[in-house]
Structures are given as structure tokens and as C-alpha cells.
**Q** 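Before I ask anything, let me first share the structure, which is written out below as C-alpha cells.
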Amino acid sequence: MSVLKHTRPADGVVATVNGAPLALEGAPGRRLSAALRGAGLTDVKVGCDAGDCGACTVLVDGAPRCACLMSTAQAEGRTIETLSGLSASGETAALADAFLARGAAQCGICTPGMMVAATAALRAGPPDDDAIETALAGVLCRCTGYQPIVDAVRDVVRGRHDPAPDDEGHVGASIVRLDGPKKCDGRERFGDDVAPAGALHMRIIRSPHPHAAFALEGLKAFAAARGLVALTAEDVPGENRFGVIPAFADQPVFAQSVARFPGEAVAALVGPADAIAALTDVPVRFEALPAATAPHEATAEGAPILHPGRPGNVMCRGRVSCGNADAALADAAVTATGRFTTPFVEHAPIEPEAGYARRTGDRLEIFAATQAPHMDREAVAAILGLADDAVRIVPTACGGGFGTKLDLSVQPYLALGTWVTGQPVRLAYTRKESMQATTKRHPADITATVGAAADGTLTAMTFSGTFDTGAYASWGPTVATRVPVHASGPYRVPHYTATSAAIHTHNPPSGAFRGFGVPQSAIAQEVLFEDLARALGIDGLTFRLKNALRNGDTTVCGQTFPSGVGIAACLEALRPHFDSARRVTEGTVRRGVGVAAGWYGCGNTSMPNPSTMRAIARPDGKIVLHQGATDIGQGANTVITQIFATALGVPATAVTLVGPDTDETPDAGKTSASRQTFVSGNAARLAGEALRAELLRLGNAGPDATIRVPALTIVDGAREQTLALTAPVEVSRTYDPPTEPLDENGQGAPYAVFGYAAHMAEVAVDMALGTVRVTRMTAAHDVGRAINPTLVEGQVTGGIAQGLGMALMEEYIPGRTENLHDYLIPTIGDMPPVKTLIIEEPDPHGPYGAKGLGEHVLIPTAPAILNAIRDATGARLTAVPATPDRVLAAIKAQS
Amino acid sequence: MYFAPTTVPDALAALQNPGVRVLAGGTDFYPALGDAPLPAIVDISRIKGLSRIEVSPQGISIGAAATWSDLVRAPLPPAFDGLKAAAREIGAIQIQNAGTLVGNLCNASPAADGVPALLTLDARVAIEGPTGPREVPVADFVKGVRTVALEPGALVVGLIVPPPPEGAKGAFIKLGARRHMVISIAMVAAAIALRDGRVSHARVAVGSCSAVATRLTALEDALMGTPVDQIAKLPVADHLAPLTPIDDVRGTAAYREAAALELTRRTLEEAARA
């Protein structure tokens, strides 16, 4: 009998990996993905360990397989190819060029799997569009919406090469993202790619119940017997409490006495990899307690209170009011009212939270994927009881964030494990842990009424939203504040009252997710506006255009923008597409068209929100930008550099980037609220202008002089002078957007800048099955100024994919959909062609007029799709996701 | 322990080890494993001949290690078109290159995409074990959710499909909430043969609408002799009586009933299309 024994490495498996024999270590039954990564091939990414995401796609004897679904022994004698080995080959090198040109790699975590799968398709002969879809369908991407990827593969098939981009790379140029090449050849290092060999591993013990008591006696002895260290709440040297908003910080690193949501950490075990992998039957006993898993349960009489001091489980409320909405509704010629519900939505970045930590003397260093390095530093320092500067946060590449990596995840556990053991410790959440334990989009239960005059002029709106904020505060207060400010949409609503309540439940903490509650409120508002348009016999686009905010109009917060209000331009840009779209109102498959709009204020709401950039001209002539804004795939590294280079007057490629790294880069704030292009971009502009002024001063040159690199030659008319710097010239500049506080009625100036968007969805609905296929999206976005149009388009296609998922398929059910086959995100086959229409209404505050974009994109998508379903079928959906059973029920209900 | 036998007898010997698990394509094995410690494994992917798909006058045999991609590539009669359509809908290419038909059957998920089509082919399961070889019809092999009629120490070595009736053509339609890599809300497979414009052979089976994929035998009987242009109109709700759909995250029971009826009509129409 041929038997491979489990002893190692004597019986190690030898495969031909990337052209050379490689002995793979570990048990023969170990996943091939783990063995390859253990051998240094970290270009094989792990997103789910279940074949659901395809990030670990490798070629086995030429055929694409998920390396997470193969044993190491099954690779014996076979030929394995990964991206890092393929990247020199003809097809793959051409793919890399095309991926870069098209912006097909955003965060880059799915890129290796995508490129390997695409390579197999190209080798099989030139694939047509169907073959491209089939070849790539097994790899999930959460950033791009797939269109840039499909375009890139098509380019290779057609042998198309784009002309070389503008070599200055200034504002307005679609230069290749500066961190792109390493994402396309497997060199990029994400959270789980950086730990040193021999780092200790960790297993977190989590509550299986929504609300549970638990007992940890025996855990320390259990750990000691296995050479492990057990960590519990009593091992936290500082505060066993964290939260992104200091006044609401309420989440323990390890639960004490009770656990308040399924998946909450109660303890952890740290030790050698083998001992952690062998763990079973960890002696922690849980006892389920009565739980409130929905806001109506949590606010009922006698419900268990999650946090003393928050009576009724009400964490906070928000309110914006102007005029007299009730009176105006009573006077309205037409009104529409409705109740709308949305579920938990999971960010599902393809990279689960991961990182490692090490102790260097009395300092702690954490290398992990994050959206908020300086916030992480403060929070970890408080947990360890250290000064802020005793903690260093070095963000790795971030394999998708979308808001979820704003909060701490692995960081406190890495910190404690390392602090207690003195050893480097690594931790990567499993997909299940990532889904259980990190934040979600708030479920919403919204009741709203809107009214209009007979001529279609909006007169009033009332809005009341209850948001399930889960067990801990996270960004719940932000959602409660933002929603009433935005729930009118970008329209004139003279009489308006909107309230929100964030309610604690025994559910996962709801936090920040692209749009902070606004995508939920937009569903209610835009479906109700459709009601009004229909009641008045006006088409949806005309109705919206009639009521769209214009320059000089007053918002529901009493704010007036004299310029830069681009929503009407967005809606007008949709007109030719709206008029020519295909509608079919008979037969089994009906086709319809729907429109929705959105707006979003960039940056914190009425609070300080500074970013600082430091720029240095070195004696060797190098220009260095200490850039601390984390690039989570959206392109901050590139956009901020383009802005800085434009202000300084050098090519973008002449700028050397340092950071992010809390030891090296000043605080550029968090990557959230669509603020990095606007706020950090402004700081980069100011730093560029300041460095330029300083260099020109040193060169005794006038303001129109040119700076030439690499020798820092100042050219002023006919005069040329090369600066001989004896010391670095350093500037640091901060930008903080001008806002004003909101009063008790939400009146004030919440944001310096809003961005605007209008989407048009075209759908085909199967009347007998209730299935919906989105056939085209047309998306008009006012970005003020497109710093990099390719990156703008990438944000649009990617945001639409998330909006489409929210509209049609995404629903996280705690304890039930904790994987990527029960929780569905769109695949390549779900995405329609997206036509992006870039509108540039410059904002006076934005750098070169630019506004934020990231969150704006998915706000109008879901309501546009719901309105299109209604146009096609007459069915009015008030709950998302609009799954086939819900759509069919709605079709039957109205017929 | 990790056993990688190259013969069936060696595999059966390895299966005598307590707690041992069979590994073939890994597409169900590893997701179910999660981060638990590895069990003892018998990897049957290197058994000689076990990946073969062979057509003979006695029928078609599909080895236990044959993958969905192997099936798609195999030249098979049109009665297999439904099974091949199911193969193309399983996960995506990475899964089809790894996952096996027999693994799909043995995993015994109510949503196993291969089972309805195997039922329409009257497929039998070939088993070898301590008590010798035996064959069991697919309908008798899958007993319930995650339960199959396989005694400890026994191994499914393949599937045997009797020669399909002349002219039989298969079809399969799967309904999911997204394109690609999706667990079915409902699915229907059918195999139809026509003689002189009327149905001379009919098999219809529905998956994801009961604990085990189920044949609609009353519908099959009613279809016999039906003129080709009447086939799609024939199915009515009563024919779905054997189904016991449930509410779950993918859809309601009521929806599944409505969808199964519609899918049945469409699948029959496709199978009857020349």
C-alpha cells in the first residue's frame, strides 16, 4: 500500500512549483494553500479556506484549482503555478500591463487569483466574453465591480495597448496607480503576509450565543499543559475597553462576565503553530442567557439591558428639523408613505483581518491591515496602559476595508499576546471569525412620509429610522447623526423632520460601512419619491430634476452652498440614457428603468477632522512625501501624490512615498467618510505649495519658475540654478475642513463639501421566478475634479457592485450566514456594464475643486434598482435584499 | 495518518482505521474541516482508473474520482446533457476541476446539484466494502440530509448509468440568487424521449425542495404519451406533492413550490426541444 505518513519533513511532498522542484512542509493533509504560503509563496492568498472566493487560485497541471481545497499530498509530482511564477510569462505579463492600465487591481487581494485564472483562459485560446466570464467567475472581487478586470482581459485578447499616460501625472491624468505593479506580480504584502517565521499563533475563544454567561476556570491549566498561554480579561494591563468614539467606548477586548453577541471574544490561547492547530475541546463553558436580537425586542418592557447607563438600550438619537413638516404634509397635494427595512450587510473584504506584532524593548509594533493607524495606536496604547508613542502601527497593504477596518480587530489580541509572551505573535481571522466578530452595516427600520404640491414641487418629509447598532457602539453614533442630515437626499425639502435612534441588541456591533447609514435612508426616500412621481404622472427623472438642490439653495440643515452643487448636472447627464432605455411591459421577462440620486458630506460631521502631510526635499535631490493616509484600494497613495506633485510642480513619479507608519508619518486621519482626496488631498496640496515656495525662495526664483528633478534645478526664465542643499528642507501642512456645530434641530454647517451622484438602473425581471438581472447601470458622479479619472471609474464600478449586492442578495444573519456561500456577494456574472459619467462642478474647498467619491457611489444604486424593478413589473419593494422570493411575492401582491 | 492508496483494495484496507475520512476533490472536505485538526485521511484521488468515465454497451460508468470537468469533457449521449449542465453550474471552474460527482452524492446535501440529474438517468451507486461489491440505486443511497447508505469501511467506487432509452435528452435548470458559485434555491432535471411526437420516456427530479432530491413520478406517468407541444403545459401543482420545501435563508417554502413548478415546465420544454 502506498502510504504517506504524517511525520515530517522526511516524507515531505515534492511538487514542481513555478518551474522548480519544491519540498512542501507540513502534514500531507494540510491545505496546499497553507503549504505554499509556508514556503514563501505569499502571492497565494487565503480569503475563505472554503473555495468560495478563489483568491488562492493556482494552476495544477495547467488547470485552475483552489489551493485551499487540495491536500499538500495531492500536489505530489504535479506542476503547480502561482502568480509569482507566472508573472514573467507572456500572457501574465501582458495581463499585468492591462490590469495596471485599466485599474483592475484596487486593493489587490484578489488580483493573484484573477490573474492566474485569466492566464489559464488565455492559454486555452483567445476567450470571448462568455469564456472570460466563465474563467473568472470563481474569483470574488469586492473592490472593482469586475468591469475593469474584464476590460483588462479583453485588452490582452485584442492586443490593445493604451497610449502612455501623461508623464507628469498631475491632477486630471489617469496615471497607473503608483502601488499597482507589486499588486500585479504577487509582491504586495497584506496583513497575513508579513509575520516572521516562528511567530507564535493564536486562537480566540468566542461565544456561540447572542448573550451568554461563561466560565473560564481550568483554561489556564489547560493552556499550560499544552505549552500555551491563555489570555483573558484579567490579563489586560490597561483598560479592557475600546471604541472609535471616545465618549462611547464600550467594547471589551475580552468579555467580562457576559458576552453580548455571537462571536464575541472571551479568551485567547497563544503558542506554537502546531499546538494551536491541534486545539480541540477548549474548556470554556457557555450558558445562553435571554437575548434581544432585534430593536423591537431590545426596547420592549423587561428586555435585558446591554449597558447600564443606556436605558431602554437606546445608545443615541439624531435629529434634523426645519420648517413645519406635519403642517406641510397636511397641505400637500400628494403624499406617499412607507416602511422600509434593510438587514445587516457584511463588508466581506476578500482579505480577512490579519497581522502580527512584535515587542521591541518597551515598545510594541503592530503590522496589520487597517484604515486608521493613528486611532489604532491610541486605542492599543490605552489597552496596554502605555503612552501613545510606545506603540507603533505599521499598516500593511489592506485587502479591502469599506469601513470595517476602521475599528480594531486583531490588533488588541496581537498586542496582548506579544506583550505577555515577549514573542512575535501572528493572527489571521478565519472567514467565519471575520464575519462574526467585525462590524456590519446597521439594519434599518424606517418609516417616512413625503409630500409634494400638484406641480411636483416637494414640500415636506418626515423620517424616523431605527438602527440596530448591535452590542457595542462602534460608529453607531456617527450613523445616528449622519442619517437625519442626509435623509432628504440632494433635494430641496423646505419642511423636514428626520429622527434616528441607534438601539443596542445582542447582535454584532454595527459600524462604518461605505455610506454610514445613508444607503439605507436613500432606499426609503428614493422609493417614496418614485411614489410621488407616479402619483403626479411625472417621470422619475423629471421629478428629481425639478426638486434637485441648486447652487444657493438651502439644505435641510440650513446650509447654503453658493457653488459646487452638482446634482442637477448629474441628473441631466442621465437624460439621453433615460429616454432611450428599453422598456418591456409584457411577457415573462419584463424590462424597466429606475433612477435615484444621492449626496454625501465629506469628512466628519461638524467635528474637527484634520490631516497632516510632511514633505521633504533631501540634499540628494529626492522629494519625499510622508503620506499617512491608508490606501485600502481606493487609490489614496496615487491621488494624494498627484495632488502634491501638481502643487510642487514635479512629475508624480519623482515623489518618493514614505508610510503610512505612525513612527514616520503625521496623522492623516482615518480612511473613511470619503475624506482622503478632499482632506488629506488638501493637506498634500498645501504641503506641495509650501515646499515649492521654500525651494523657489532658496533658488531666488519667482513664483512661475520650474522645478526640475532629480537634481532640484530651478529654472526661472533663462536662469537655471541647481540647489545644493546641505540639509533637508522639510515642510508640514495641516488641513481641517471648515464646519460648524449642529444645534438641537440639526441646523448648522455639518460639512464643508458634499459630493453628488445620480444612477440609472436597467433591469430584466422574470415574472414567473422573481429573478432580477441588472442589464446596465449608468452612473453620473459630480466629483468636483477627477484627480485620476481611471481611479474614479474604479470607485464607481466597485461601489455599484456593492450597491447591487445590497439591493439583490446580501443579508447577514448572525449565526447563520457566516461564510461566503451562504452570504452572497455579486460575482462577475451579476455585474452589468457600467457607464460612468464624470461631472466636474468644482468645489471651492476641494483640492483643485475635488470632492470625495467612495461612499457616494453605492448610495443611489439600490434604490435605482428597486425603482427599475417597479418600472418593469409594478412591484414596489420595501425590503432589501430583493431576493427572488421577495420579488415574486411583491409581483403577486400587486396583481 | 494520510493514506494515498493506488488500488481499491488498499483503500478498503486503509478505511479500517478508526475515524478515517475519505478525501477526493476536497471541495466539501476542506470547507467542513474549517480550522479543526486534520482527521486521518484516505485520499482516493490516486487510485488507478478511478477517474475514468467509460461508455460500453452495458452502460456508462463514472469513477469515484471523476471530476465535473472530466464529465463535461466526456463524449456522452444526449441523456447526459442535464448532468453536464449541472456540472457547468457547480461552483466555478476551480470547483469543477476538483470536485467529483460521487463526492457531491456522498456529501448528501439537499442542494447537491448533481443528484436530480442522476435520478433522471436511473443511476446506480457502485460500492465496495468488507462484504463485497454491491450496487444501490441513487434514490436508495441518499437517505436524508447528510445521510447515505454506506456502511463503515465501505467505499463508493463509482456510478453506473444504464444505457439511456433511444433519443432520450436531458436538461437541467438551476435557480440561485446570483450567477455562479451559488447554492440552489431550487433545481430541476429532466430526461425525455419522444416517439412519433409523443413522450415515450420521462424522468423528472427536483432538488433543494426536500431533504433529498425527489423524482416526480406522477408527473412522469402523466407525461407518457403527451404530444410534444403539450409537455410544458402539463405540470401542475399536484405533481409537486412529493416535495417538502422549507423556509430558509435562500427562499420561502411557498416560493420554492412556485419556482419548482415553473422550473419543471421550463426544464421539460428544454429537454423536449429537438
Side-chain angles (χ1 to χ4, degrees), chain A residues 1-6 27-31 49-52 54 57 60 63-66 68-71 73-74 76 117 120 133-135 137-140 203 277-280 430 432 768-771 808-809 811 813 816-817 819 821-822 824 826-830 881 883-885 888-889, chain B residues 1-7 9-11 13-14 23 25-41 43 45-46 69 88 91-99 175-183 185 247-252 254-256 258-259 261-263 265-266:
Chain A
M1 187 194 307
S2 164
V3 176
L4 288 161
K5 295 217 172 63
H6 71 291
R30 184 189 192 197
R31 289 181 172 90
D49 268 345
D52 296 327
T57 298
V60 180
R65 298 268 299 261
C66 288
C68 73
L69 300 181
M70 272 180 82
S71 71
Q74 287 179 327
E76 168 79 39
E133 179 180 321
T134 302
V139 189
L140 295 177
R203 175 77 52 85
L279 279 173
T280 54
T430 63
K432 182 178 178 181
L769 294 174
T771 47
L808 298 181
M809 64 186 78
E811 176 166 15
I813 303 170
R816 180 62 191 83
T817 59
N819 57 60
H821 50 266
D822 289 320
L824 301 180
T827 69
I828 197 168
D830 298 299
T883 48
D885 58 344
L888 190 64
Chain B
M1 296 295 282
Y2 189 99
F3 303 93
T6 55
T7 67
D10 282 355
L23 170 68
T27 58
D28 287 313
F29 179 94
Y30 283 104
L33 179 67
D35 56 6
L38 284 168
I41 290 172
D43 172 2
S45 66
R46 291 185 191 268
S69 293
R88 292 189 195 92
I93 190 69
Q94 291 89 335
I95 305 301
Q96 294 158 22
N97 285 340
L175 175 66
R178 73 173 175 189
R179 282 291 300 144
H180 309 295
M181 297 200 296
V182 67
I183 297 173
I185 303 169
D247 291 340
D248 71 6
V249 294
R250 283 176 269 281
T252 61
Y255 174 74
R256 283 195 160 90
L261 183 59
E262 180 66 21
L263 292 175
R265 290 173 177 149
R266 293 184 189 184

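In what follows, chains carry the letters A, B, and so on, assigned in the order in which the sequence lines appear, proteins first and then strands, with residues in each chain numbered from 1. Reckoned from all heavy atoms, side chains included, excluding hydrogens, waters and symmetry mates.
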**Q** Heavy-atom distances under 4.5 Å only: say whether A/I813 touches chain B with side chain, backbone, both or neither.
**A**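 When you check distances to chain B, only side chain atoms of A/I813 fall under 4.5 Å.
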**Q** Counting C-beta onward and ignoring hydrogens, is there a side-chain heavy-atom pair between B/D43 and A/S71 closer than 4.5 Å?
**A**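 They are in side-chain contact.
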**Q** Does any heavy atom of chain B fall under 4.5 Å from the side chain of A/T771, the backbone, both, or neither of them?
**A**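 Just the side chain, heavy atoms under 4.5 Å.
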**Q** Tell me, for A/C66 versus chain B, whether the close heavy atoms (under 4.5 Å) come from the side chain, the backbone, both or neither.
**A**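 It is both, since atoms from each part get that close.
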**Q** Find the one option among B/V182, B/I183, B/I185, B/L33 whose heavy-atom pairs under 4.5 Å with chain A are most numerous.
**A**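 Looking at each of B/V182, B/I183, B/I185, B/L33 in turn, B/I183 comes out on top.
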**Q** For A/D885 and B/T252, indicate whether the former's side chain and the latter's backbone hold a donor-acceptor pair under 3.5 Å.
**A**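 Checked: pair present.
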**Q** Using non-hydrogen atoms only, which part of A/D49 is less than 4.5 Å away from chain B: side chain, backbone, both, or neither?
**A**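 The backbone, not the side chain.
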**Q** Which heavy atom in B/Y30 sits nearest to a heavy atom in A/G29, and how many Å separate them?
**A**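 The pair with the smallest heavy-atom distance is OH-O, 2.6 Å.
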**Q** Does A/D822 offer a backbone N or O that forms a donor-acceptor pair with the side chain of B/R250 under 3.5 Å?
**A**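 No; judged by distance alone, with no hydrogens or angles, the pair does not exist.
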**Q** What are the two closest heavy atoms between B/P37 and A/A278, and how far apart are they?
**A**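 What the structure gives for the nearest pair is CG-O, 3.6 Å.
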**Q** So how far is it from A/R65 CZ to B/I93 CD1, rounded to the nearest 0.5 Å?
**A**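 One gets 11.0 Å once the value is rounded to the nearest 0.5 Å.
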**Q** In Å, rounded to the nearest 0.5 Å, how long is the span from CG of A/L769 to CZ of B/R266?
**A**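 Result: 4.0 Å between the selected atoms.
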**Q** Side chain, backbone, both or neither: which part of A/A117 has a heavy atom under 4.5 Å from chain B?
**A**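 For A/A117, the contact with chain B is made by the side chain alone.
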**Q** Quick one: what part of A/A63 sits under 4.5 Å from any heavy atom of chain B, side chain, backbone, both or neither?
**A**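 When you check distances to chain B, atoms from both the backbone and side chain of A/A63 fall under 4.5 Å.
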**Q** A/T430, A/L140, A/T57: which one forms the most heavy-atom pairs within less than 4.5 Å of chain B?
**A**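 Top option by heavy-atom pairs under 4.5 Å: A/T57.
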**Q** Using heavy-atom distances under 4.5 Å, tell me whether B/D35 contacts chain A through its side chain, its backbone, both, or neither.
**A**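 It is both, since atoms from each part get that close.
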**Q** Keeping the roles fixed (side chain from B/R178, backbone from A/M809), state whether a donor-acceptor pair exists under 3.5 Å.
**A**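 Not a single qualifying donor-acceptor pair exists.
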**Q** For chain A, find which of B/A32, B/G91, B/A98, B/G176 contributes the most heavy-atom pairs closer than 4.5 angstrom.
**A**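 Highest number of pairs under 4.5 Å: B/A98.
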**Q** Minimum heavy-atom separation for B/A177 to A/L824, with atom names?
**A**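 Reported closest heavy-atom pair: CB-CD1, 3.8 Å.
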**Q** Heavy-atom distances under 4.5 Å only: say whether A/A137 touches chain B with side chain, backbone, both or neither.
**A**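 Both the backbone and the side chain of A/A137 come within 4.5 Å of chain B.
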**Q** Quick one: does B/Y255's side chain get under 4.5 Å of A/P884's, heavy atoms only?
**A**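 With C-beta onward as the side chain, the pair touches.
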**Q** If you compare all heavy atoms of B/P31 against all heavy atoms of A/A50, which two are closest, and at what distance to 0.1 Å?
**A**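 Where B/P31 meets A/A50 most closely, the heavy atoms are CG-O, 3.5 Å.
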**Q** To the closest 0.5 Å, what do you measure between CZ (B/F29) and CE (A/M70)?
**A**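 B/F29 CZ to A/M70 CE: 13.5 Å, rounded to 0.5 Å.
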**Q** Looking at every heavy atom in both B/M181 and A/V139, which two are closest together, and how far apart are they?
**A**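 Residues B/M181 and A/V139, closest heavy atoms: CE-N, 4.5 Å.
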**Q** Can you see which heavy atom on A/G51 is nearest to which on B/I95, and at what distance?
**A**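 In this case the closest contact between A/G51 and B/I95 is O-CD1, 3.7 Å.
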**Q** Can you find a pair of side-chain heavy atoms, one from B/R88 and one from A/T134, that are under 4.5 Å apart?
**A**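 Not touching, per the 4.5 Å side-chain cut-off.
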**Q** Does a side-chain heavy-atom distance below 4.5 Å link A/Q74 with B/L23?
**A**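 Side-chain contact under 4.5 Å: yes.
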